[in-house]
Structures are given as structure tokens and as C-alpha cells.
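Some notes on the structure that comes next.
Each chain gets a letter, A, B and so on, in the order the sequences are listed, and its residues count up from 1.
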There are 2 protein chains.
Amino acid sequence: MQFPFALAIIEDQATIRETLHEYLCAQPEFRCVLVAGSIEAFLELLPTAAVPPQLILSDIGLPGLTGTQGLPFILTRLPQAQVLMLSVYADAGRVFEALRAGAVGYLLKNTPLAQLKEHLLHAAAGGSPMSPGVAHYVVQAFAQMPATAPLNSGIALADLLPAEPLTNREREIVRGIEGGLSYKLIADRYCISIETVRNHIRAVYRKLQVNSKAELMAHALKRQRR
Amino acid sequence: MQFPFALAIIEDQATIRETLHEYLCAQPEFRCVLVAGSIEAFLELLPTAAVPPQLILSDIGLPGLTGTQGLPFILTRLPQAQVLMLSVYADAGRVFEALRAGAVGYLLKNTPLAQLKEHLLHAAAGGSPMSPGVAHYVVQAFAQMPATAPLNSGIALADLLPAEPLTNREREIVRGIEGGLSYKLIADRYCISIETVRNHIRAVYRKLQVNSKAELMAHALKRQRR
DNA sequence: TGAAAAACAACATGTTTATGCCATACCCCC
DNA sequence: GGGGGTATGGCATAAACATGTTGTTTTTCA
């Protein structure tokens with residue numbers, strides 16, 4: 001993620017929307033790429049955005065699809081987006097629904113603009129900003145939760161090993177893999193036998209220390225994210 | 001609650017303990033009523049405190065009882081206290097344990113003193129301060145909680161929108177795939193059978209109109225390129 | 001209360017991958 | 001002229017994946 005963060009705002013009340021827009025876009029950290037009055041409008045305008053938004057600030061009480069109802073649609077289109085919900089309500093039900101639907105944070109509308117900015121930056125940094133009372137609900141709910149299995153993810157492997165360089169042919173074939181092609185299609189594309197593809201892949205796996213197509217692509221994904 | 005807040009500090013490392021003590025007690029908002037190097041010492045000294053502490057800042061990595069293990073004892077004696085855990089570790093397991101044991105917040109030891117003070121005030125006000133990454137774990141766990149709301153019950157809007165939204169579970173599993181995991185590993189991570197993983201993947205393929213892991217990942221790669 | 005959606009699970013069948021081990025051919029270069 | 005690296009091709013086997021069908025259970029909602 002790099003400066004300025006591509007930001008989208010979804011809010012139906014024109015005055016609030018304008019206030020948010022004006023304030024946030026005046027900040028050097030943000031770039032407003034999309035401002036909409038409803039989830040439907042947002043999804044419709046999405047293809048026209050110059051840059052896909054990384055940060056989305058969405059009201060919950062929207063006409064049509066509510067912010068929470070719209071979240072799955074947004075996340076399907078922008079899986080990497082951090083969505084912050086904005087609401088006048090601080091009730092546990094709404095908070096839980098929103099977080100379960102995939103929001104990373106939940107802010108109240110009485111949040112001062114300066115703090116809102118801080119929260120947005122916080123979210124961009126991988127945090128989960130919540131207004132005071134809201135965080136409390138979440139922690140409370142936690143205390144009552146049954147013991148769960150740890151669901152970890154942050155795997156940071158030492159891929160800084162001496163990288164054995166791929167040959168040109170190998171890189172071509174890796175591009176094919178990353179394009180989602182099967183061995184057969186790669187073989188066709190380069191007019192070679194599928195056995196040859198296999199052998200190149202084999203060499204690539206050894207050099208990159210992976211042992212499946214999925215790992216190879218996960219590699220590419222990780223590289224891309226910085 | 002009124003000023004100044006009665007504060008207790010539990011930390012075994014003398015230098016850190018003194019730093020916290022000196023800084024926080026120099027603040028007009030706090031009054032240090034108890035400083036201890038272990039849970040045991042804290043409980044022993046508790047009767048001697050002039051005022052029962054309302055706010056407790058406790059290390060997790062303590063000799064003897066750990067901070068988390070000691071929490072139930074503390075809360076039995078001081079049911080109204082707000083306990084903030086302090087730790088060098090940001091792993092999900094420790095965070096969950098501490099919150100389930102009744103901590104109201106979880107801070108990392110690299111938190112600047114000024115922020116620490118803010119967090120303490122925040123906790124006193126009924127909030128649940130958490131360091132950035134930590135809050136994220138909690139929200140993640142929420143999104144992955146058992147029994148998810150449908151949230152998108154057969155909305156007729158579906159044919160207007162290009163993308164049929166993925167459910168939370170489906171997105172989780174897609175994250176697994178994009179992380180390079182095999183079905184087996186995904187099944188293990190979420191404690192479900194490999195057949196169930198297959199079924200979710202099947203639904204994802206239908207919704208995203210792909211028909212192989214490679215295409216799915218190629219999709220992710222394309223989205224990521226901007 | 002009953003239909004719908006979501007998560008979970010099993011079994012079957014065919015395809016694609018991963019990886020072993022092997023061989024030929026070209027090129028460069030010491 | 002032989003040794004290393006690269007590209008090509010083949011065969012065999014085991015594992016992983018894709019896909020069809022069919023269930024149960026729980027939660028949600030009209």
C-alpha cells in the first residue's frame with residue numbers, strides 16, 4: 001500500500017457526504033477515487049474509478065442495501081479493501097453483523113474528523129479502529145466465546161535465500177502458470193510437449209523452493225503486494 | 001470514576017516497571033496505588049493499598065502466574081477493575097486467552113508512553129484499547145466465528161450486479177487457497193473435513209466463474225495488479 | 001411454521017499435477 | 001573432445017484436484 005491511499009466514501013446524506021469528502025480529500029494521505037450515496041451506486045461506479053479503492057468508509061444506514069448487506073458484494077469485487085463502517089448506532093447487534101460481514105472497523109458518526117482520519121490510517125496499516133464503546137462490545141463477546149482454535153495466518157518465510165535465477169524459458173512458463181493456464185494450454189501456447197512443460201516446472205519448483213502450482217502463485221501474489 | 005484514576009502496575013522487569021511508574025505517576029490523571037513485580041506480589045500487597053486500583057496495567061510474561069493466569073484472581077478481588085494486558089507478543093492465542101480471561105485491552109510493549117497513557121484513559125472510559133495488529137486478530141476471529149448470518153438472503157438485486165457475493169466462509173477459504181495451501185491444509189486450519197472444503201470451493205468457482213485453482217489465483221493476481 | 005441459505009459431510013469418477021528416473025540434442029567454452 | 005547448462009521429450013506412479021450427486025444440521029426470515 002502506498003501514499004496516497006485510494007479512498008471511497010459511501011454515505012447517503014449529502015451534507016455528511018460532502019463534509020467527509022471535502023475534509024478527507026484535503027488530506028495529503030488520501031485520494032478520493034469514488035464517492036457514492038448507496039451501495040448500488042458504488043458498485044455501479046466502481047469500474048469507472050481510476051484506481052480501485054483500498055480503503056472504504058461506508059455508512060450503515062443506507063437506502064436500498066444497507067452497508068452491512070452490501071459488504072459481501074464489495075468484498076467480492078475488492079477482496080483486498082479495508083472497509084470501515086460508519087454508523088450513528090452503537091448497538092452490539094449491528095456491530096457484530098458488520099464485523100462478521102467483513103468490516104475491519106466500526107466508527108460512530110460523532111467521531112471528530114481528525115480522529116476519523118487517524119482511524120482510516122490505522123485501518124490502512126492493518127489495524128481495526130473502533131469507537132470506544134464499540135470495541136468494548138467486541139471484547140465482551142470475546143470473553144463469552146468458547147475456546148477456539150487459533151486461526152493464524154501471518155507466515156513470513158525466509159524467502160531471502162540466494163535466489164537461483166530462472167532461465168528465460170522458465171520465466172515464460174511461469175507467466176503461463178500465473179495466467180491460470182494448465183500444463184496442456186502452456187504446451188500448446190509454446191508448441192512444446194506437455195512433458196517438457198513438466199520438466200521446466202520441475203526446475204522452477206526446485207529453484208524457488210516450492211512444490212505446487214498453488215505455492216508458486218502464492219509467491220507471485222506476495223511479491224505483487226509490495 | 002473520578003480523577004485521578006487509581007492505577008496499579010504489574011511488571012517483572014525492573015527497568016520497564018520503573019519507566020512506567022515514573023511516567024504514569026507524573027501524569028495528573030493517574031495515581032499509582034500499587035506497583036508489583038508479579039501477580040502473587042500484587043495480590044499480597046493489595047490490602048495495603050490506600051485506594052483499590054480501578055485501572056491495572058499488567059505484563060503477560062510474568063514469573064510464577066502469568067498475567068493471563070492471574071486475571072481471574074485479580075477480578076475476583078477487584079470486579080470493577082479494568083485490566084489492560086501488556087505484552088511483547090502479538091500472537092492470536094495469547095490475545096484470545098487474555099481477552100477471554102477478562103482483560104479489557106491488549107497493548108504491545110513497543111507502544112509509546114504517550115499513547116499508553118491515552119489507552120489507559122480510554123480503558124477507564126469503558127473502551128477497549130488494543131494495539132493495531134491485535135485489534136485485527138480480534139476482528140478477524142469475529143468474521144470467522146461459527147454460525148454466520150446469511151446477510152444476503154436471496155436478494156433479487158443479484159442479477160443486476162455482476163458479482164454474486166462470496167460468503168464469509170468462502171472468502172476465508174479463498175484466502176487459504178491464495179496463501180498456497182492445499183485442500184488438506186485448509187481443512188486442518190479450519191477444522192473441517194476436506195469434503196467440506198471441496199464444497200465451498202465448488203461454490204466459489206461457480207460464483208467467480210472459474211474452474212481451477214490456477215484460474216482463481218490468476219484472478220487474484222489480476223485484481224492485485226494496479 | 002416452513003422455505004431458503006449456509007455450513008458441513010460423504011462417495012464416486014475422471015483429470016491434472018508432482019515427482020521419480022530416463023534419454024536426445026544443441027550450444028558454449030576451456 | 002568432453003563437461004556444464006539449457007531445451008526438449010518420454011514413461012510411470014501417487015497425490016491432489018474438479019465435479020456430479022446426495023445427504024444432515026443450523027440459522028434466518030417472511
Has [X] got a side-chain N or O lying under 4.0 Å from the OP1 or OP2 atom of [N]?
{"X": "B:T167", "N": "C:dA7", "value": "yes"}
{"X": "B:S193", "N": "C:dA10", "value": "yes"}
{"X": "A:R198", "N": "D:dG9", "value": "no"}
{"X": "A:Y205", "N": "C:dA18", "value": "yes"}
{"X": "A:T196", "N": "D:dA7", "value": "no"}

Rounded to the Å, how far apart are [X] [atom1] and [N] [atom2]?
{"X": "B:I201", "N": "C:dA10", "atom1": "CD1", "atom2": "P", "answer": "17 Å"}
{"X": "B:N211", "N": "D:dC17", "atom1": "CG", "atom2": "C1'", "answer": "12 Å"}
{"X": "B:R206", "N": "D:dG20", "atom1": "CZ", "atom2": "P", "answer": "12 Å"}
{"X": "A:L208", "N": "C:dA18", "atom1": "CG", "atom2": "C1'", "answer": "15 Å"}
{"X": "A:Y183", "N": "D:dA16", "atom1": "OH", "atom2": "P", "answer": "14 Å"}
{"X": "B:E170", "N": "C:dC8", "atom1": "CD", "atom2": "C1'", "answer": "13 Å"}
{"X": "B:R171", "N": "C:dA6", "atom1": "CZ", "atom2": "P", "answer": "12 Å"}
{"X": "A:E215", "N": "C:dA18", "atom1": "CD", "atom2": "P", "answer": "9 Å"}

**Request:** Classify the side chain of B:N199 versus the base of C:dA7 as yes if they form a donor-acceptor pair under 3.5 Å and no if they do not.
**Result:**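 Absent.
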**Item:** Donor-acceptor pair (no angle test) under 3.5 Å: B:E195 side chain, C:dC8 base
**Value:** no
**Message:** In the structure I gave you, are the side-chain heavy atoms of A:L84 and A:V104 within less than 4.5 Å of one another anywhere?
**Reply:** yes
**Asked** Got A:I186 and A:I177 here, is their nearest side-chain heavy-atom distance under 4.5 Å?
**Response** yes
**Request:** Answer with base, sugar-phosphate or nothing: what part of the nucleic acid does A:R202 contact at a heavy-atom distance below 4.0 Å?
**Result:**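 The residue A:R202 makes base contact.
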**Message:** Evaluate A:V33 against A:L7 for side chain to side chain contact (heavy atoms under 4.5 Å, CB included), listing each step before the verdict.
**Reply:** CA-CA 6 Å; A:V33 296; A:L7 174 70; 6.0 Å; no
**Message:** Go nucleotide by nucleotide along DNA chain C from the 5' end; which of B:H200 and B:A214 gets its closest nucleotide reached first?
**Reply:**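 With B:H200 and B:A214 compared, the 5'-side residue is B:H200.
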**Asked** Are side-chain N/O atoms of A:S87 and A:Y106 paired as donor and acceptor at under 3.5 Å?
**Response** yes
**Request:** Take A:E195 and A:R202 through the test salt bridge (charged side-chain N to carboxylate O under 4.0 Å, His left out) and record every step on the way to the result.
**Result:** CA-CA 10 Å; A:E195 300 299 333; A:R202 188 197 312 261; over 6 Å; no
